[in-house]
Amino acid sequence: MSALLYAFLYAPILVVIVYSFNAARFGSTWGGFTTRWYGVLMENPLAWAAARNTLILGLVSTGIATVLGSLLAFGLARFRIPLKSFTIGLLRVPIFIPDIVMAVALLMFYSLARQWFGLFELGLPTMIVAHVTFQIPFVTIVVGARLAGMDPSLEEASRDLGANEIQTFLHVTLPLIAPGIIAASMLAFTLSLDDFVVSFFTSGPGSTTLPILIYSSVKRGITPDINALSTFIIAISMAATLAATVLQRSWKYRSIRDI
Amino acid sequence: MDLASWAIEAEGLERRYGTVEALRQVSFSIRKGEFFSLLGPSGCGKTTLLRLIAGLDLPDAGRLRIDGKDAGGIPAHKRPVNTVFQSYALFPHLNIRQNIAFGLKMKGVPSAETRSRVDRIMEVVAIEDLGDRYPAQISGGQKQRVALARAIVNEPQVLLLDEPLGALDLKLRRQLQDELQGLQRRLGITFIHVTHDQEEALVMSDRIAVMNAGRIEQLDTGRQLYDQPRTRFVAQFLGTCNLISGRVQGIGNGVATVGTELGALTFIHLHNSKTLSIGGTVHLALRPEKLHISREKPSGCGNVFSGVIQQVIYGGASTQYQLDVGAIRLHATLMNNGAAHQFLHEGDRAYCILAEESLVLLEDE
């Protein structure tokens, strides 16, 4: 049963990977093994530009969302806030709002802002802001869970031993929630990497990302180089996930140098 | 005593959590170098009091002075006080050396001095070879020592211990009790020790504050608390106690007579204790080991009553008896030193003697 389920989950991905090595240009017939399409891909300047945009978008938005989302989680966990549970509940709204609604809302917001203030010309910066908005709730929830699971007496012990609030945060809280922050940033990066809808609506000229490139190419029919590109993205995602796992296991997070 | 000899002075401390009054008008003073225990059942406010002293919680009312200085505006990290937490609260991401050095690092003590102080303290608590381990890799008893070392390496004026031995097994506990006591004598640091274990408090402390429902019921030496409890709560919380209630029938020269369910009882009543009035209700306490039992009716003494032995529990060094006199059940503990009571059995008739100097008048209404 579970084997069937796994087959159902992974068969489409396998098909994409297998067909990226198919020598036949069209259709579903097998024309022999080739790595030619990867070569074609490498020589495609549009693919390179899209890859660059995707990477910039993913890294910058993840960086911003990780910092802001983690600080928000810390603030929500440690300080008195009016209507706290309502505020925390509000965080979940962007998670269950359909992407398309979110995308249209952001597009409207940008066009209004452009009309009134002349700001937010569509392009990579608007896409980064858009990605940050849907990444923050995920980061805050993951980091918040880690904070909630932390023994509160550890921070008290730190203060008791003469550490002020900033020292306590840097030497105790931060190292202890670091695995949560790393997990959250990996999640945020993956979300950015495979986002199509929000990117599509908030992109401008010259800010095409890999998912948008794939979409526009597929409209002209599925070609083997698109399969190769997809395989490439799968490889990057898997490498990122694997790196995160290894990093979390070997993480010895030391905040004080050995004495 | 002059001001400089008090480590802690508390005056009218209050703390409320919502509708729960955790501390109600708590006032006391602790001498420098004293081993002081806060003793009481869980929820009596002893841990809350400790947290107020540490600065981890703030009082709603009242004043607190540490080493003669008002602690009101001093945050936890600036108080000359360190805590050994109940859960130890060792930093899981730091090894044992780094844990112990934490306080010195935060205060910016030079690393050479830090190193030698950490070395010295690890030797004192006998954990020299644990330095490179992480808290998850050591035992409960070792964690306790690390927590202690991490606190005292800072040379605090007052060390707060929140049930530090609570999670350890009995044998280790006895050993660490001795060590703690020895350490306190050597270092001369004031120890404030929270516990719910009355024996631990009696064995270790110079003075004990018995707490109940957010108040200090009585603050005294262990001996005073045991021999002269002032309230029913104290009498029953420390050891076991026979409690007898009655109405005052007569007040004479240094003695008073009370009509109880046993019959008329006389007890020593001194001028400095609670004032009595004829007809008023009083409560008397009598420790089981001060109640005498004999088969023959003793002559020449008062407060003798006849009863039936209900239960005999042989405990090696001593034997516990339960004796019913009318509707009152009395507990007696007698040493097995060859005296005649050893031949008493369940169902036997026996006489009990409640010596008038052993009856303690309680202040409860």
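Source: prediction; values computed, not measured. So that the names make sense, note that chain A is the first sequence line, chain B the second, and so on, each numbered from 1.
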Contacting region of [X] [heavy-atom separation from chain A under 4.5 Å]:
X: B:Phe85; result: side chain
X: B:Leu90; result: backbone
X: B:Lys107; result: side chain
X: B:Arg51; result: side chain
X: B:Asn82; result: both

Checklist entry - Does any heavy atom of chain B fall under 4.5 Å from the side chain of A:Thr168, the backbone, both, or neither of them? => result neither
Next on the checklist: Taking side chain as everything from C-beta outward and backbone as N, CA, C, O, which of these in A:Asp160 sits under 4.5 Å from a heavy atom of chain B? Side chain, backbone, both or neither.
Outcome noted: both
Using side-chain heavy atoms (C-beta onward) and a distance below 4.5 Å, is [X] in contact with [Y]?
X: A:Glu165; Y: B:His77; answer: no
X: A:Ser158; Y: B:Phe91; answer: yes
X: A:Leu176; Y: B:His93; answer: yes

Next on the checklist: Between B:Met106 and A:His171, does the side-chain contact (heavy atoms from CB on, under 4.5 Å) criterion hold? Intermediate values first, please.
Outcome noted: CA-CA 9 Å; B:Met106 292 303 123; A:His171 294 296; 3.3 Å; yes
Checklist entry - If you count the non-hydrogen atoms of other residues, nucleotides and ligands that lie under 6.0 Å from CD in B:Glu11, is the total more than 12? => result no
Checklist outcome for this item: B:Ser87 and A:Asp151 have their tightest heavy-atom pair at OG-OD2, 3.8 Å
Item to check | Considering all heavy atoms, the nearest B:Gly55-A:Arg159 contact | outcome: O-NH1, 4.4 Å
